[in-house]
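One structure is given below, encoded as structure tokens.
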Amino acid sequence: MSYPQGGYPQGGYPKEGYQQGGYPGYQPGPPGYSPAPYYGGTQQQSTTTVVVGQPTASHTTLLYRSSGDHFLTLSIVMTFICIFCGGLLPAVLTVAAIFVSLSAKDDDLHGDEACARRKGRIALFLNILSAVLTLVGYAIIIGVVVKVVTSCTRYYDPYDKNYYCY
């Protein structure tokens with residue numbers, strides 16, 4: 001099949017806007033540009049080597065640490081025990097332990113783990129100290145009561161019908 005010099009069959013496509021070597025509305029490339037030749041029906045084969053490599057493995061380590069209460073629960077329970085059963089000084093120590101443990105929890109949330117551990121140990125120490133002071137107070141009270149009860153000489157006054165210590 002042969003085409004006339006314009007590149008279109010007889011009576012086929014209009015020749016307006018047609019540029020030699022292109023399509024209607026197609027702008028040719030920059031000066032000196034020549035499109036790759038096309039050889040009717042056969043394609044030119046080229047050998048291209050593509051090297052595909054696996055990306056390097058990246059490991060992400062997530063550290064999950066449970067944020068403890070830093071002896072906050074112990075401090076609150078000890079405060080109630082000291083208020084209802086103990087004295088004023090142990091109660092003050094446990095209230096201080098509550099504030100220290102809250103500060104330790106705040107430090108833990110901000111990522112300062114060493115400071116949080118140190119403040120948690122301080123809160124534990126204050127709670128232990130308040131428990132020891134409460135037990136010492138009970139021991140003193142029990143000792144005084146036993147001493148008073150066992151040291152007095154009782155006598156019965158038959159007129160009052162009462163027991164007296166002297």
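Chaining together hydrophobic side chains whose heavy atoms lie under 4.5 Å apart places Leu129 alongside Leu89, Leu93, Val100, Ile122, Phe125, Leu126, Leu133.
Shortest non-hydrogen contact noted between Lys105 and His70 is CA-CD2, 3.6 Å. Residues Phe71 and Gly120 come closest through the heavy atom pair CD1-O, 3.1 Å. Residues Gly68 and Asp108 come closest through the heavy atom pair N-OD2, 4.4 Å.
In this structure, Arg118 has no side-chain hydrogen bond (donor to acceptor under 3.5 Å, both in side chains) partners at least two apart in sequence or on a different chain. Thr94 is linked by a side-chain hydrogen bond (donor to acceptor under 3.5 Å, both in side chains) to Thr79, counting only residues two or more places apart in sequence or in another chain. In terms of the side-chain hydrogen bond (donor to acceptor under 3.5 Å, both in side chains) criterion, residue partners of Ser103 (sequence neighbours excluded) are, by chain and number, Lys119. Qualifying side-chain hydrogen bond (donor to acceptor under 3.5 Å, both in side chains) partners for Ser130, counting only residues two or more places apart in sequence or in other chains: none.
Linking ILVMFWY side-chain heavy atoms closer than 4.5 Å, directly or via other members, places Ile81 and Leu135 in two distinct hydrophobic clusters. Placement of Leu72 and Leu109 in two distinct hydrophobic clusters is found when ILVMFWY residues are connected by side-chain heavy-atom separations under 4.5 Å, directly or transitively. Hydrophobic clustering, with ILVMFWY side chains joined whenever heavy atoms are under 4.5 angstrom apart, keeps Phe99 apart from Met78.
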Review item, side-chain donor-acceptor pairs of residues 136-146, under 3.5 Å, at least two apart:
residue	atom	partner	partner atom	Å
Tyr138	OH	Cys85	O	2.1

